[in-house]
Number of protein chains: 2
Amino acid sequence: MNLKELAGILGLSQTTVSRALNGYPEVREATRKRVMEAANIHNYKPDMRAKGLATGRSMAIGHVVPLSTQHEMVNPVFADFIAGAGEIYSDNGYDILLSVVADVDEENAYRKFRSGRSVDGVIIHGPHAEDPRIALLTELNIPFVVHGRAGDNEDRYNWVDVNNRHSFLRATEFLLDLGHKRIGLLNGLESMDFARRRREGYAAALLARDIPIDPDLMAAGEMTEELGFRNAKRMLAESAPPTAFLVSSMSMAIGARRAISDAGKTLGRDVSVVIHDDDLSYLKNGSNIPIFTAARSPVRQAGRLCAEMLLEIIANPDTEYRNVLLESELMVGMSTGPAPKQD
Amino acid sequence: MNLKELAGILGLSQTTVSRALNGYPEVREATRKRVMEAANIHNYKPDMRAKGLATGRSMAIGHVVPLSTQHEMVNPVFADFIAGAGEIYSDNGYDILLSVVADVDEENAYRKFRSGRSVDGVIIHGPHAEDPRIALLTELNIPFVVHGRAGDNEDRYNWVDVNNRHSFLRATEFLLDLGHKRIGLLNGLESMDFARRRREGYAAALLARDIPIDPDLMAAGEMTEELGFRNAKRMLAESAPPTAFLVSSMSMAIGARRAISDAGKTLGRDVSVVIHDDDLSYLKNGSNIPIFTAARSPVRQAGRLCAEMLLEIIANPDTEYRNVLLESELMVGMSTGPAPKQD
DNA sequence: ATCGTTTTTCAAAGCGCTTTGGATGATGGA
DNA sequence: TCCATCATCCAAAGCGCTTTGAAAAACGAT
């Protein structure tokens, strides 16, 4: 069933049927109603490709997922982010066009989006400290929103980000206030913008209290359970082991907990842990009392915000750059306590 | 830059340029080369919508992600499945069209895929024991592959599944052989086909050894850390607590481990745990020795297989239904040991 | 040189929609 | 009664590609 056929059945022109369906005013209400009903009965839905060709819009948002050959990981927050963004897309009739590509082909994926006119806008995930994608998309003139930030020039593109620096600064202070002096940092890859900012926050808090920064207490890497375990284990085995950890993700913290427990220590008593919590739906940080004391910032909400922002930009291209900086919420849970007395 | 312009530059007709670009034989090799080079130089890429309109193909595979209002969870294996499938899609020039919809609108999403001609095929995720989507897609005549199975009529559609029944049967036997008699089952929602089959395998193994099935030792629910914790905790608090758990996912097992540890017991000594391991990239089950003894079946590999199957079906519509039944691999790790002697 | 083949190229139609630029008829004020 | 106005509808062009059917060019054989 296509427009022509439907128009035929109704004894109307394609023009009128199209207008009736798309809510244009040049059609009598009675006619519109008749058209709508017929469309329903015959289950008519427009061919999106033809519609796209004619209108110039594709009603899809592009997300590129780079599959690195080196680190085999898919960003674990991706599913929840998409769920959040998807809610908004869905409400507005948009779909997601996902391009999974080897990371070396990422640039080409965006170019294909552009030339293929397959998407109306793009969301950038996991920005690095200096991220070439921003310049690329600006050049390609595709509307885009960055989930996170990338280094400087923050006012030259649209982004939604968590105040990672402040979040980790405050979390560090929280541990310092509890008397901890040796605080380990289990961070994400510091080529990532967010991880770099977190380290800055951590370092700034220590410096402000004249606590030396010990490189042995800082680890950065992929945020897996395994790596959380390994790095925590290594630090705990040092001559002056940390009494607290600041951990960049729930999955790493689970690994850290395993290491703490393997070392015969008790979480929240011998060793405190504060995490950044993206509030992933399948790794919730407890129901009432948080398992881990956490700086929480729901990634799903970030997804919603990014999507809303992007759709606004698409509808309204020539406005100022938009930036949203979210503050995390510090939730005190059961994984933190006063620094143990020294023997 | 569109075809017309490119043809203009080259002094050729659109026909010839199109044919040169798409590898048709009716064009001189020298001409083809010239066209290809010009296309590269001018960074010409075809408008996918126009191409789709003309060819009837969209070079996209549809995946529908239902956002349940009741259980707020996004399937955590989704990201890894997509990564696997995406590799194959990517190699063949396909993208993924993701439709995130409220679960009540799921049927409509598939109908839109069909009428909007936005996808060439579809993958069904997380099939329920009786799943209406199979009849729907069959009726809509969209090529599709099910990741999993749905109840009976297994030979009437295409699927890739893990032999969940056998996997859990064998895992249960493994525990029985270690002397465990009271084995708790922490399962996924048993409206899901895979969970039902796992329970069957578990039950069959117990029955074969004349061990009564105790409903108090069986829990089914969403596969979150939290629920793994709660259900394990409840069972451990019983008068005759289990000495082993069979757990349907890594995240639940992490919760179970927390419950075991909270109960003052030691994993692998006082309480054994065997899990189903989807081998998710950010929740790897250890690097050398598995943390948990596990029936492993990489979901990423399943994604690849589903995608390959679907693309074959699209290229070759009128072939027999294809079914692939994967066996999981039992990896003995550190979470299992002989049943503790009774006092 | 001529004619039938084969190779190479092209003009134009068509995919299903939107949108421009009328056309038609009804309405109402002078 | 006549003409301007407005509401309603339509025919046809156009979006950028593929593909059909035909023409032009090149080639080989006679």
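Throughout, protein chains are lettered first and strands after them, A, B, ... in sequence-line order, and every chain is numbered starting at 1.
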Among dC9(D), dT18(C), dT19(D), the one nearest R19(B) by side-chain distance: dT19(D)
Residue T55(B), side-chain atoms from C-beta onward, closest of dT19(C), dC15(D), dT18(D): dT18(D)
Euclidean distance, atom CZ of residue R28(B) to atom C1' of dT9(C) [Å, nearest integer]: 10 Å
From dG16(C), dG16(D), dG21(D), nucleotide with atom closest to A54(A) side chain: dG16(C)
Lys/Arg N to Asp/Glu carboxylate O, R322(B) vs E312(B), below 4.0 Å: yes
Nearest-angstrom distance from the residue atom CG of L3(A) to P of dA12(D): 17 Å
5′-ward residue of the pair G11(B)/Y44(A) relative to DNA chain C: G11(B)
Atom pair distance, as rounded to whole Å: CD in E5(A) and C1' in dC15(C): 13 Å
Closest to side chain of L12(B), choosing from dT18(D), dC9(D), dT9(C): dT9(C)
Spacing between E26(B) atom CD and dA22(D) atom P, to the nearest angstrom: 16 Å
Rounded distance (Å) that lies between atom P of dC17(D) and atom NZ of K45(B): 13 Å
Sugar-phosphate only, base, or nothing, as touched by G116(A) at under 4.0 Å among non-hydrogen atoms: nothing
L53(B) side chain, from C-beta outward: closest of dC9(D), dG21(D), dC15(C): dC15(C)
T15(B) side-chain proximity, nearest of dT9(C), dT18(D), dA11(C): dA11(C)
Comparing V27(A) and P46(B) on DNA chain D - which has the more 5′ nearest nucleotide: V27(A)
For atom CZ of R117(A) and atom P of dC17(D), their distance in whole Å: 7 Å
F78(A) and H125(A) aromatic ring geometry - parallel, tilted or perpendicular at 30°/60° bounds: perpendicular
Pairing of R32(A) and E29(A) as salt bridge, 4.0 angstrom limit: yes
Phosphate-side-chain proximity, N22(B) and dT18(D), N/O vs OP1/OP2 below 4.0 Å: yes
T16(A), nearest nucleotide to its side chain (from dT18(D), dA11(C), dC9(D)): dC9(D)
Nearest to side-chain heavy atoms of S18(A), which nucleotide of dT19(C), dC17(D), dT9(C): dT19(C)
Side-chain N or O of K51(B) closer than 4.0 Å to phosphate OP1/OP2 of dG16(D): no
Any donor-acceptor N or O pair under 3.5 Å, side chains T16(B), S13(B): yes
Listed nucleotide nearest any side-chain atom of Y24(A), set dT19(C), dC15(D), dC17(D): dT19(C)
Closest contact, heavy atoms only, L67(A) versus A83(B): CD1-O, 3.5 Å
Integer-rounded Å distance: dC17(D) C1' and M48(B) CE: 11 Å
Length of the CG-C1' vector between D47(B) and dG14(D), whole Å: 13 Å
Salt bridge present between E308(A) and R304(A) (N-O < 4.0 angstrom): no
